[in-house]
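The next block holds one structure in the form of structure tokens; read it before the comments.
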Amino acid sequence: MKNKKWIVIGVIALVVVILIGSIVGGYNSLVSAQTNVESAQANIQTQLQRRADLIPNFVSTVKGYADYEQETFQAVTEARAAVGKANDAASLNDAQNRLDGAISVWVNAVTEAYPDLKANNSFIALQDELAGTENRIAVARKDYNDTAKSYNTLVRRFPKNILASIFGFEKVDYFEASENAQSAPQVSF
């Protein structure tokens with residue numbers, strides 16, 4: 001009789017240990033899944049912050065470079081036109097001095113800091129950066145939705161749905177763009 005009693009107690013203890021292990025394992029998997037969802041959501045915020053920090057500064061840099069290039073070429077063009085319109089020696093001399101000054105500025109800029117005055121390269125780099133940033137945000141949103149799907153599936157499946165309801169794990173919403181986000185930010189020069 002004593003052996004049967006110990007066997008029954010051992011079986012009950014084993015069932016309790018297995019049950020507690022299942023509860024702890026289920027709870028820990030729910031916590032891990034919830035943490036993954038929070039991490040994926042934070043990644044979206046990180047990419048959105050990157051866009052907010054990077055793009056305006058990059059646009060300003062490109063705009064400044066383009067303005068500089070435009071001013072340089074405009075000064076040279078106006079000075080050349082003045083030389084062509086000069087009708088006496090004094091105005092010709094003055095126009096020639098303006099042209100020399102404009103060309104000097106342009107040559108110094110080329111030799112010192114701007115070996116290749118091509119703003120289009122900056123615009124291409126800006127376009128690539130904008131596309132890359134938007135792609136990163138799209139990937140972060142997709143990763144979030146994939147993680148949310150896994151978590152929601154875990155929270156709804158039996159028997160973890162029982163643990164989820166006991167411990168307050170609730171289904172999370174998928175990422176959905178707001179009305180304002182239906183169009184990409186506008187970049188203007």
Side-chain angles (χ1 to χ4, degrees), residues 1-68 118-189:
M1 268 310 192
K2 281 189 170 187
N3 283 342
K4 282 187 179 183
K5 179 180 172 184
W6 285 111
I7 291 174
V8 170
I9 291 173
V11 168
I12 291 173
L14 183 63
V15 167
V16 168
V17 167
I18 290 172
L19 184 60
I20 290 173
S22 295
I23 291 172
V24 168
Y27 178 82
N28 288 340
S29 67
L30 288 167
V31 168
S32 294
Q34 186 179 45
T35 302
N36 289 340
V37 168
E38 291 166 357
S39 175
Q41 192 170 34
N43 287 340
I44 292 173
Q45 294 304 316
T46 299
Q47 293 305 323
L48 291 173
Q49 186 63 50
R50 179 182 179 276
R51 178 207 291 164
D53 293 344
L54 178 73
I55 299 304
N57 292 330
F58 200 66
V59 167
S60 294
T61 301
V62 170
K63 185 176 180 181
Y65 183 75
D67 288 346
Y68 172 79
K118 289 188 179 176
N120 66 328
N121 290 338
S122 297
F123 287 101
I124 290 169
L126 173 61
Q127 185 179 13
D128 289 345
E129 193 61 42
L130 288 170
T133 298
E134 293 303 318
N135 286 339
R136 286 180 178 155
I137 293 169
V139 166
R141 288 173 176 162
K142 180 191 176 305
D143 290 347
Y144 171 80
N145 282 343
D146 290 346
T147 304
K149 176 184 173 190
S150 296
Y151 173 77
N152 288 341
T153 301
L154 188 65
V155 167
R156 294 177 61 203
R157 278 193 180 156
F158 182 81
K160 288 191 181 165
N161 64 340
I162 296 170
L163 288 175
S165 65
I166 290 171
F167 292 111
F169 291 94
E170 296 179 5
K171 185 179 166 194
V172 296
D173 293 330
Y174 291 106
F175 177 84
E176 292 182 20
S178 67
E179 290 289 324
N180 297 337
Q182 295 301 322
S183 59
Q186 297 298 314
V187 177
S188 61
F189 288 98

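Quick note: numbers below take in every heavy atom, side chains included, and nothing from hydrogens, waters or symmetry partners.
The heavy-atom pair separating Tyr151 from Gln34 by the smallest distance is CD1-N, 3.6 Å. Here the closest non-hydrogen pair linking Asn152 and Lys171 is OD1-CG, 3.1 Å.
By the ring-ring contact (aromatic ring centres under 6.0 Å, His included) test, Phe167 is found to be paired with Tyr27, residues two or more places apart in sequence or in another chain being considered. Take Ser29 and apply the side chain to side chain contact (heavy atoms under 4.5 Å, CB included) test, not counting sequence neighbours, and it matches Leu154, Lys160. Tyr144 meets the ring-ring contact (aromatic ring centres under 6.0 Å, His included) test with no other residue; sequence neighbours excluded. Residues satisfying the salt bridge (charged side-chain N to carboxylate O under 4.0 Å, His left out) criterion with Lys142, sequence neighbours excluded, are Asp146. Residues passing the side chain to side chain donor-acceptor pair (under 3.5 Å) test with Thr133 are Arg50, sequence neighbours excluded. Residues meeting the side chain to side chain contact (heavy atoms under 4.5 Å, CB included) test with Leu14, sequence neighbours left out: Ile18. Evaluation of the side chain to side chain contact (heavy atoms under 4.5 Å, CB included) rule for Val15 yields Val11 as partners, not counting sequence neighbours. Partners of Val139 by side chain to side chain contact (heavy atoms under 4.5 Å, CB included), not counting sequence neighbours, listed by chain and number: Asp143.
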Under 3.5 Å, which donor-acceptor pairs link side chains of residues 35-48 to any protein atom two or more places apart or in another chain?
unit_1, atom_1, unit_2, atom_2, d
Thr35, OG1, Val31, O, 2.8
Asn36, ND2, Ser32, O, 3.4
Thr46, OG1, Ala42, O, 2.9

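Rounding to the nearest 0.5 angstrom, the gap separating the CD1 atom in Ile7 from the CD1 atom in Ile12 is 12.0 Å. Put simply, CG on Asn145 and OH on Tyr174 are 7.5 Å apart, with the number rounded to the nearest 0.5 Å. Taken from NZ in Lys149 to OG1 in Thr153, the straight-line distance is 6.5 Å, to the nearest 0.5 Å.
Heavy-atom contacts from other residues, nucleotides or ligands closer than 6.0 Å to CG of Asp173 number 12 or fewer.
Legend: ring pair (Phe, Tyr, Trp, His ring centres under 6.0 Å) pairs involving residues 31-57, not counting sequence neighbours: none detected.
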